[in-house]
Amino acid sequence: MTVMPPARHRPAAKRPMWIIVLLCLVCVVLIGAYVYPPRHYSQCYLSASSVCTPFKDWLPSIGRREKTDDEIISAAVIRDILGMPMSTSKNPKIAFMFLTPGSLPFEKLWEKFLQGHEGRYSIYVHASRQKPVHTSSLFVGRDIHSDAVVWGKISMIDAEKRLLANALEDTDNQFFVLLSDSCVPLHSFDYVFNYLMGTNISFIDCFQDPGPHGNGRYSLEMLPEIEERDFRKGAQWFAITRRHALLILADNLYYKKFKLYCKPADGRNCIADEHYLPTLFNMVDPGGIANWSVTHVDWSEGKWHPRSYAVADVSYDLLKNITAVDETIHVTSDDKKLVTQKPCLWNGSKSPCYLFARKFYPETLDSLLKIFTSYTSV
């Protein structure tokens, strides 16, 4: 008889506890970082900024979120406005909208520019500090109801919308140009009229700046409607179509975000008039804007405010040099100072970029009047 050996009892295998603990820790860290981003990554919310790209790769993708009621309403209104046929008028006009603290020092120059073109333009003046004293009969009776405007705050956008609302009451106004008290015309009226009326795009400055004066001003409070990747920057001086003017007045969703979370003294120094319109149109109609402003401003000095022109600066050569510029330049505000230079394309052809220029001191009026005819001739 064969005797079977007694059964061996193997000790229970030891579980690799250190692996389990490590996996748990990794999961906790990833979940915690996803829900509570570290301060260094807080601005990107782990979704938009390039600084977070290495970190994002570890996280699961986020599914498409459900839109809010306000977003659905806004999308429907904007879609219908953009889908409307371009409005036509037997007597199309340009609305020149002046945003000024008080009197306009260059009324006589604008009078010379507008002379002989009655019925082809409208004038609207928003004076935020004091009632203007007009030196040209063309500007008398053109003041609209105005409120105080504070630099950098949403009140600047409110003033722009107030000007647009008044100008839209005239159904013949087809293009809307925002100008300051220091703006001067660079070309003849016919040139400006044909330039604007000959295209169906709006001239709104718009570019992406990853630096502190660009995306550094973005607030997470703008989520979910506005993500950082949609945030844009640009000069406030625009020239827009009637369709886009209507769109600006119809928007409340994105305007409200900037009213609440874009302020000059909130740590990010967010300037509403530099970001609201560029961001809005980048999101809703990026192909409908030129991405540059037709108003020239010289930022080459690298200061908080652009260069101002005094009497000694004004000459035929200065004005002709500005009118000859046919490329737009944007510089980022980060340490890289990346320069983007693009041609100004008007209906697909390279053309001069600018129709107006600022900032000119009031005392330059006489010098500008003397050379106006020569520098505006083609």
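In this chain, residues are counted from 1 in sequence order.
Exactly one of T376, L319, L318 qualifies for a side chain to side chain contact (heavy atoms under 4.5 Å, CB included) with I371. That residue is L319.
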Next item on the list: Would you sort out whether D181 and F98 count as a side-chain contact (heavy atoms from CB on, under 4.5 Å), showing the intermediate values?
Entry: CA-CA 7 Å; D181 55 315; F98 292 88; over 6 Å; no

Next item on the list: Check the pair K256, D70 against side-chain contact (heavy atoms from CB on, under 4.5 Å), reporting the backbone distance first and the verdict last.
Entry: CA-CA 11 Å; K256 188 164 58 176; D70 287 342; 4.0 Å; yes

Next item on the list: Would you check, one step at a time, whether the test side chain to side chain donor-acceptor pair (under 3.5 Å) holds for S333 with D209?
Entry: CA-CA 7 Å; S333 61; D209 178 5; 2.8 Å; yes

Notebook entry, point to check: Are T340 and H330 close enough, and set up right, to give a side chain to side chain donor-acceptor pair (under 3.5 Å), and what steps lead you there?
Noted result: CA-CA 5 Å; T340 303; H330 291 120; over 6 Å; no

Next item on the list: Show your working on side-chain contact (heavy atoms from CB on, under 4.5 Å) between F356 and V294 and close with a plain yes or no.
Entry: CA-CA 6 Å; F356 316 100; V294 288; 4.3 Å; yes

Next item on the list: Decide side-chain contact (heavy atoms from CB on, under 4.5 Å) for L138 and F113; before the verdict, give the C-alpha distance in whole Å, the side-chain angles of both, and the deciding distance to 0.1 Å.
Entry: CA-CA 11 Å; L138 298 183; F113 167 76; over 6 Å; no

Next item on the list: Please assess T332 against D334 for the test side chain to side chain donor-acceptor pair (under 3.5 Å), listing each intermediate value before the final yes or no.
Entry: CA-CA 6 Å; T332 62; D334 56 6; 2.7 Å; yes

Notebook entry, point to check: Passes ring-ring contact (aromatic ring centres under 6.0 Å, His included), Y375 versus Y316? Steps please.
Noted result: CA-CA 6 Å; Y375 79 73; Y316 171 85; 7.9 Å; no

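Remark: E225 engages K257 in a salt bridge, criterion side-chain N to carboxylate O under 4.0 Å. Using a 4.0 Å cut-off between charged side-chain N and carboxylate O, D313 and R307 make a salt bridge. Taking the charged nitrogens against the carboxylate oxygens, D190 and R120 do have a contact shorter than 4.0 Å, which makes a salt bridge.
Without hydrogens or angle criteria, W292 side chain to C353 main chain gives a donor-acceptor distance under 3.5 Å. Looking only at distances, no side-chain donor or acceptor of S293 sits under 3.5 Å from a matching main-chain atom of A235. Listed for the R242 side chain is a donor-acceptor partner under 3.5 Å among the backbone atoms of L168. Put simply, the side chain of N321 gets close to the backbone of D317: a donor and an acceptor are under 3.5 Å apart. For S351 (side chain) and S349 (main-chain N/O), a donor-acceptor pair under 3.5 Å exists by modelled atom type. Looking only at distances, no side-chain donor or acceptor of R129 sits under 3.5 Å from a matching main-chain atom of G102. Put simply, the side chain of R232 gets close to the backbone of R229: a donor and an acceptor are under 3.5 Å apart. With hydrogens and angles disregarded, no donor-acceptor distance shorter than 3.5 Å links the side chain of E221 to the backbone of Y218. At distances below 3.5 Å, not a single donor-acceptor pair connects side-chain atoms of T364 with backbone N or O atoms of A310. The main-chain N or O of H134 is never found under 3.5 Å from a side-chain atom of S136 such that the two would form a donor-acceptor pair.
The environment of CG in D80 is crowded: more than 12 heavy-atom neighbours from other residues, nucleotides or ligands sit within 6.0 Å. More than 12 heavy-atom neighbours from other residues, nucleotides or ligands sit within 6.0 angstrom of NZ on K93. Atom CD of E118 is surrounded by more than 12 heavy atoms from other residues, nucleotides or ligands within 6.0 Å. Heavy atoms of other residues, nucleotides or ligands lying less than 6.0 angstrom from NZ of K131 number 12 at most. Heavy atoms from other residues, nucleotides or ligands lying under 6.0 Å from CG of D335 number 12 at most.
The line from CD of E160 to CD1 of I154 is 9.0 Å long, rounded to the nearest 0.5 Å. Distance OG/S122 to CZ/R142: 6.5 Å, rounded to 0.5 Å. Residue T135 holds its OG1 atom at 7.5 Å from CG of L365, rounded to the nearest 0.5 Å. Here L109 contributes atom CG and D366 contributes atom CG; the two are 10.5 Å apart, rounded to the nearest 0.5 Å. Here the CG atom belonging to L247 is positioned 9.0 Å from the CG atom belonging to L249, to the nearest 0.5 angstrom. In this structure, the separation between CG on N252 and NZ on K259 is 8.5 Å, given to the nearest 0.5 Å.
Between the side chains of S180 and S182, a donor-acceptor pair is found at a separation under 3.5 Å. Of the N and O atoms on the side chains of R358 and H296, not one donor lies less than 3.5 Å from an acceptor on the other residue. At a cut-off of 3.5 Å, with distance as the only test, a side-chain donor of D158 or Y255 sits close to an acceptor on the other residue. In this structure, a donor-acceptor pair under 3.5 Å is present between the side chains of N173 and Y124. Checking N166 against H126 by side-chain atom types alone, no donor-acceptor pair falls below 3.5 Å.
In plain terms, the two heavy atoms of S374 and S377 that are nearest each other are O-OG, 2.8 Å. Heavy atoms only, all atoms of each residue included: S367 and V314 are closest at CB-CG1, 4.0 Å. Nearest heavy atom pair, residue V284 against residue P286, reads C-CD, 3.8 Å. When all heavy atoms are compared, the tightest approach of L178 to L99 is CD1-CB, 4.1 Å.
Qualifying disulfide (SG to SG under 2.5 Å) partners for C206, counting only residues two or more places apart in sequence or in other chains: none. Applying the salt bridge (Lys or Arg N to Asp or Glu O under 4.0 Å) test to E111 and every residue at least two apart in sequence or in another chain returns K108.
Counting heavy atoms from C-beta on, the side chains of L246 and M84 come closer than 4.5 Å. Taking the side chain as every heavy atom from C-beta outward, F258 and S219 never approach each other to under 4.5 Å. Annotation: side chain of T295 is in contact with side chain of C183 (closest heavy-atom distance under 4.5 Å).
Under the 4.5 Å side-chain heavy-atom criterion for Ile, Leu, Val, Met, Phe, Trp and Tyr, L82 and L253 are members of the same hydrophobic cluster. By the criterion of side-chain heavy atoms lying less than 4.5 angstrom apart, applied directly or through intervening Ile, Leu, Val, Met, Phe, Trp or Tyr residues, W299 is not grouped with Y361; the two fall into different hydrophobic clusters. Criterion: ILVMFWY side-chain heavy atoms under 4.5 Å apart, direct or through other members. Under it, L220 and I226 are part of a common hydrophobic cluster. In terms of hydrophobic clustering, with Ile, Leu, Val, Met, Phe, Trp and Tyr side chains grouped at heavy-atom distances under 4.5 Å, V77 and L280 are assigned to a common cluster. Linking ILVMFWY residues whenever their side-chain heavy atoms come closer than 4.5 Å, directly or via other members, places F193 and F372 in the same cluster.
Note on residues 271-280: pairs passing side chain to side chain donor-acceptor pair (under 3.5 Å), not counting sequence neighbours, are R217-E274, R217-H275, D251-Y276.
Checked against the 6.0 Å centroid criterion, the rings of F203 and Y195 qualify as a close aromatic pair. Aromatic ring centres of F176 and F238: separated by at least 6.0 Å.
The aromatic rings of F96 and W110 are tilted relative to each other, their planes meeting at an angle between 30° and 60°.
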